[in-house]
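Read through the structure below, which is laid out as structure tokens, and then see the notes.
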Amino acid sequence: MANNPTSEQEPQEVPEEKRRNPVLDNIQQLGQTNTPSGESNIYCMTIIGQVEGHLVLPPQNKTTKYEHLIPQLVAAEQNSKIEGMLIILNTVGGDVEAGLAIAEMIASISKPTVTLVLGGGHSIGVPIAVSADFSFIAETATMTIHPIRLNGLIIGVPQTFEYLEKMQERVIRFVTRHSRVNEQVFKDLMFKTGELTRDIGTTVIGNDAVKHGLIDSVGGIGEALRELNRRIEENRVAQNGFAVPVGGVPS
Amino acid sequence: MILYSCMPEEIVFEGWDRELERPTEVTINGLLMEVQPVSPQEAKIVRLISPDPQQYLNPAYAPGQIIMYTPNFIQNG
């Protein structure tokens with residue numbers, strides 16, 4: 001790739017030099033071609049790797065950052081062109097505070113939301129997975145439900161365990177409030193012994209998650225988008241009193 | 001902070017005491033991306049951070065592509 005260092009040092013003063021660079025050319029052209037016609041009416045949020053909270057994790061972790069997601073969710077709620085949200089999960093869990101904050105935000109969005117668990121939606125991924133209006137899980141995807149463990153500096157006093165239980169209660173309450181799972185069933189899954197090698201808890205796969213009432217249906221991206229579009233259509237009818245063709249009203 | 005993850009803690013926090021290279025975040029044409037600098041003006045795209053699915057179809061911003069960028073301190077100065 002051709003790179004002219006002099007053009008980069010003074011980019012404002014020598015625009016002709018810049019034009020010679022194919023990559024810059026591309027960026028400029030493609031930046032202009034991103035007209036509203038190519039814009040999606042669906043916001044697609046992917047939650048991958050570790051959900052990162054107040055602490056920056058070492059770089060070998062792939063993370064989804066709280067400070068990226070929160071403003072995106074605010075923008076999605078506010079932007080009138082965005083009609084629905086698709087949240088795709090493939091996460092191993094992460095920070096409790098950050099995970100619950102994201103889950104609460106998704107739950108309170110006024111536009112149709114659909115979640116899809118692909119691969120895995122473990123630990124703090126469980127409340128995020130159940131937070132939407134409708135949830136899907138791929139047939140082979142798994143969700144690990146296990147107790148919260150203490151980490152970091154711990155003082156061995158009874159209050160520490162009370163605190164831990166409170167944190168756990170937050171997760172349990174959120175999940176039972178936003179899905180069909182019964183509190184007792186969820187706790188049984190969480191404290192089951194003999195299933196995980198390193199921990200107590202359960203791994204639920206695809207259909208089992210639906211059977212326990214955690215997730216609404218088994219499906220992939222096709223089913224998830226179909227459900228989201230159906231809900232968007234319903235929303236349009238409810239707001240306008242008549243059906244509007246997909247793609248919106250021409251402005 | 002309480003980590004609620006099925007991944008063992010020792011794997012998550014491995015290397016916390018070492019200075020490892022991290023990708024930097026840049027915004028190009030309003031699109032936020034993580035890049036790995038390869039020279040003072042060039043960087044390789046690691047991943048895009050965008051909720052607009054159409055952005056991911058743009059071949060110019062596919063992961064692994066080299067982009068020209070001006071680091072923030074030059075832009076501001």
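Keep in mind the model is a prediction, meaning the values are calculated, not measured. Within every chain, numbering begins at 1; the chains are lettered A, B, ... in the order of the sequence lines, protein sequences first and strands thereafter.
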Can you tell me how far [atom2] of [Y] sits from [atom1] of [X], rounded to the nearest 0.5 angstrom?
X: B/Met1; Y: A/Asp95; atom1: CE; atom2: CG; result: 4.5 Å
X: B/Met7; Y: A/Thr144; atom1: CE; atom2: OG1; result: 11.0 Å
X: A/Cys44; Y: B/Gln55; atom1: SG; atom2: CD; result: 12.0 Å
X: B/Glu14; Y: A/Leu57; atom1: CD; atom2: CG; result: 13.0 Å
X: A/Ile82; Y: B/Asp52; atom1: CD1; atom2: CG; result: 7.0 Å

**OP:** Mind checking ring pair (Phe, Tyr, Trp, His ring centres under 6.0 Å) for A/His146 and listing every partner two or more places apart, or none if nothing turns up?
**Re:**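 Only B/Tyr4 meet the ring pair (Phe, Tyr, Trp, His ring centres under 6.0 Å) criterion with A/His146.
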Original post:
Hey, which residues of residues 58-80 of chain A are touching chain B, say heavy atoms under 4.5 Å apart?
Top reply: A/Pro58, A/Pro59, A/Gln60, A/Asn61, A/Thr63, A/Lys65, A/His68, A/Gln72
Subject >> Partners meeting side-chain hydrogen bond (donor to acceptor under 3.5 Å, both in side chains) with B/Gln36 (sequence neighbours left out) >> reply: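 For B/Gln36, the residues satisfying side-chain hydrogen bond (donor to acceptor under 3.5 Å, both in side chains) (neighbours in sequence not counted) are B/Glu21.
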Original post:
Measuring heavy-atom distances to chain B, does A/Val171 have an atom under 4.5 Å in its side chain, in its backbone, in both, or in neither?
Top reply: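 Side chain only.
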Original post:
Crowded around A/Phe191 CZ? As in, over 12 foreign heavy atoms under 6.0 Å?
Top reply: yes
Subject >> Contact check, side chains of A/Val56 and B/Arg22, non-hydrogen atoms, under 4.5 Å >> reply: yes
Extract all donor-acceptor atom pairs below 3.5 Å that involve side chains of residues 112-121 of chain A and protein atoms in other chains or at least two apart in sequence.
residue: A/Thr113; atom: OG1; partner: A/Asp133; partner atom: N; Å: 3.1
residue: A/Thr115; atom: OG1; partner: A/Ala129; partner atom: O; Å: 2.7

Subject >> CA sep, side-chain torsions, deciding dist, call: B/Arg47, A/Ile48, side-chain contact (heavy atoms from CB on, under 4.5 Å) >> reply: CA-CA 12 Å; B/Arg47 64 165 169 163; A/Ile48 53 111; 3.4 Å; yes
Subject >> Max heavy-atom pair count under 4.5 Å with chain B, selected residue of A/Ile124, A/Leu86, A/Leu55 >> reply: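 Heavy-atom pairs under 4.5 Å are most numerous for A/Ile124.
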**OP:** Quick one: which of A/Gln50, A/Gln168, A/Arg149 has the most heavy-atom pairs under 4.5 Å with chain B, could you say?
**Re:** A/Gln50
Original post:
Would you say the side-chain atoms of A/Ser123 pair up with the backbone N or O of B/Cys6, donor to acceptor, closer than 3.5 Å?
Top reply: yes
Original post:
Quick one: does B/Ser5's side chain have a donor or acceptor within less than 3.5 Å of a partner on A/Val92's backbone?
Top reply: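 Yes, because the side chain of B/Ser5 sits within donor-acceptor range (under 3.5 Å) of the backbone of A/Val92.
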**OP:** Using non-hydrogen atoms and a 4.5 Å limit, figure out which bit of B/Leu32 sits close to chain A: side chain, backbone, both or neither.
**Re:**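 It is the side chain, since no backbone atom gets that close.
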Original post:
In terms of heavy-atom pairs under 4.5 Å with chain A, which of B/Leu57, B/Val12, B/Ile49 leads?
Top reply: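 The option with the most such pairs is B/Val12.
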